[in-house]
Amino acid sequence: MALAKTEASGGVSLLPEVLAFSSSLWLDKQLLTEDLVGSLAHVTMLARTGVIPAADAKAIRKGLLDIAAQSKAGTLELPDEEDVHMAVETWLSKNIGASSGLLHSARSRNDQVATDLHLHVREHCARALEGIVALLGDLLTRAHQSKEVLIPSYTHRQRAMPVSLAYWWAAWGAALVRDGELFVHALQQADVLPLGVGAIAGTSLGIDRETTRKLLGFSRLTLNGLDTVGDRDFALDYTYAAARLMVHLGRLSTDVIDFTSQEFGFATLGGEVACGSSMMPQKRNPDVFELLRGKSGRAIGNLTGLFATVKGLPGGYNRDLQEDRAALLETGPLLHSSLSICRVGLAHLTFHPEKTRAGVEDGFTQATDVAEALVKKGLAFREAYKKVGALVRRCQEDGLALSKVPLAVAQKVDPAFDEQVLAAAQPAAAVKAKESEGGTGPRSVERQLAWISDKAQALSKTARDVPRLDALLASLEKEQP
Ligand code: ARG
């Protein structure tokens with residue numbers, strides 16, 4: 001790549017190989033909209049405060065808007081520069097002339113890049129929230145359709161207790177709500193304006209950060225310039241939220257991968273989403289879900305990479321921070337594509353209720369429910385546990401399901417068993433009986449689904465209230481300097 005020398009700094013020009021090594025333009029040109037929006041707000045503020053003449057501000061604003069329009073039309077040619085900030089400045093100097101030199105008054109690339117990244121994180125948190133809300137909507141619909149479907153739950157990947165399929169959907173819904181709340185936290189961390197602290201210590205020029213803040217729709221100003229230019233906490237919070245969400249999608253994927261295996265046989269993936277094998281003609285592989293699980297590793301890598309970048313840095317700006325870019329810029333597309341493909345994959349997942357019910361019966365998963373029925377008759381749980389253990393062993397010897405054991409057989413094992421106690425072994429009854437908070441009983445599940453739905457609405461409102469880049473660009477275009 002041929003790189004121009006950075007004229008702004010004057011002096012001896014950098015060696016081309018140094019420029020090539022240090023340039024981040026190939027990556028941070030993805031931040032062009034953020035950069036233009038930040039500059040439009042900055043130049044508008046500079047004119048309003050009288051730091052620069054209105055006529056120059058008008059020329060700069062027109063230049064910035066031209067760049068935005070050309071970028072949208074796909075005709076923009078950015079000069080090869082050290083980063084997107086210098087590329088925009090060089091473009092302006094070539095296209096609008098001397099006025100361009102006033103744009104960087106009271107600004108450094110240190111607060112400029114921090115502003116771009118805050119805008120970026122805020123935008124992508126809002127988009128992630130929208131994706132989470134859409135996925136939650138799907139999970140809720142599926143849950144409402146599957147309240148009567150029985151399926152084993154698993155601990156240690158061994159059949160544990162019978163639950164409704166609705167309860168399984170609600171479990172992943174609960175995790176996604178927590179992720180949504182984590183993105184709300186990241187959003188709040190990013191919702192603060194860095195611009196105006198300059199390189200590190202503020203400026204003696206008569207700027208008004210409040211004006212810039214309002215123009216960019218941030219809730220507050222950063223407190224201290226020295227902290228501001230070295231701070232990437234908001235980015236860590238965002239990449240952590242992304243990694244945790246991705247890990248949840250990956251774990252949900254493992255359930256799907258297992259459930260659709262021949263060994264489980266609980267569900268089938270439609271041919272539209274199941275990939276074939278290049279050699280084995282019979283294969284229908286859950287690649288989409290395996291990739292979701294695999295990509296969660298990338299998200300974790302981005303988080304740990306960012307942590308490694310900031311670890312040990314002294315206060316203030318250090319060029320190391322430019323290395324935050326790859327992790328941050330990969331995170332948004334990874335999140336949005338994963339959330340949307342997860343919805344597509346799940347839409348083609350069909351459960352087989354007779355198979356999931358057979359899993360409940362074959363696994364003696366109602367054993368705890370029978371023990372609790374004995375407890376209701378006054379037995380100590382440990383006593384009941386032993387008696388049901390003996391009953392299960394007897395059923396295994398006789399090849400009987402727990403729900404099919406005749407009263408006479410059960411009473412031979414232990415006279416404490418009666419009809420009422422054995423009724424607890426009916427899978428549907430076992431699911432219905434667990435009405436404790438957080439349990440799989442129908443009223444409990446109904447409450448869980450209502451809670452998830454309320455939370456989804458709140459997350460959706462938070463996302464709607466975020467000032468988005470397109471809207472900011474449109475509103476800044478209308479501002480008078
Ligand atoms: N490209 C740099 C970055 O992304 C911009 C800030 C550079 N600041 C500086 N003083 N060299 O971090």
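Values below: every heavy atom of this structure, side chains too, minus hydrogens, waters and symmetry copies. As the structure lists them, so they are numbered: ligands from 1, and atoms in each ligand from 1. Quick caveat: nothing in here was measured; it's all calculated off a predicted structure.
Looking at S453, its side chain never comes within 3.5 Å of a backbone N or O of L449 through a donor-acceptor pair.
Geometric assessment of R142 against the ring of F351 yields a negative cation-pi assignment under the 6.0 Å and 45° thresholds.
Residue contacts with ligand 1: N110 is placed with a nitrogen or oxygen under 3.5 Å of a nitrogen or oxygen of the ligand (distance criterion only). In terms of polar-atom proximity, H85 is not counted as a contact of ligand 1, lacking any N or O under 3.5 Å from an N or O of the ligand. Checked by distance only, ligand 1 and D28 stay at 3.5 Å or farther apart across all their nitrogen or oxygen atoms.
For ligand 1, the atoms lying closer than 4.0 Å to a non-hydrogen atom of D83 are 1 (N), 2 (C), 5 (C). Atoms of ligand 1 found under 4.0 Å from any heavy atom of R325 (numbered from 1 in listed order, with element): 3 (C), 4 (O), 12 (O). Those atoms of ligand 1 with a heavy atom of S24 less than 4.0 angstrom away are 1 (N). For ligand 1, the atoms sitting less than 4.0 Å from at least one non-hydrogen atom of V113 are 4 (O), numbered in the order shown with element in parentheses.
Shortest non-hydrogen contact noted between L216 and T115 is CD1-CG2, 4.3 Å.
Taking CG of L65 as the reference point, atom CD of Q70 lies at 11.5 Å (rounded to 0.5 Å).
Counting heavy atoms from C-beta outward, L346 and D138 have side chains that stay 4.5 Å or more apart.
Looking at D83 and R109, a side-chain N of the basic residue comes within less than 4.0 Å of a carboxylate O on the acidic one, giving a salt bridge.
At a cut-off of 3.5 Å, with distance as the only test, no side-chain donor of H42 or H104 sits close to an acceptor on the other residue.
Scanning the protein heavy atoms around atom 7 (C) of ligand 1, the nearest turns out to be Y317 OH, 3.5 Å. From the protein, the heavy atom lying nearest to atom 11 (N) of ligand 1 is R109 NH2, 3.7 Å.
In this structure, Q112 falls outside the shell of residues with a heavy atom less than 4.0 angstrom from ligand 1.
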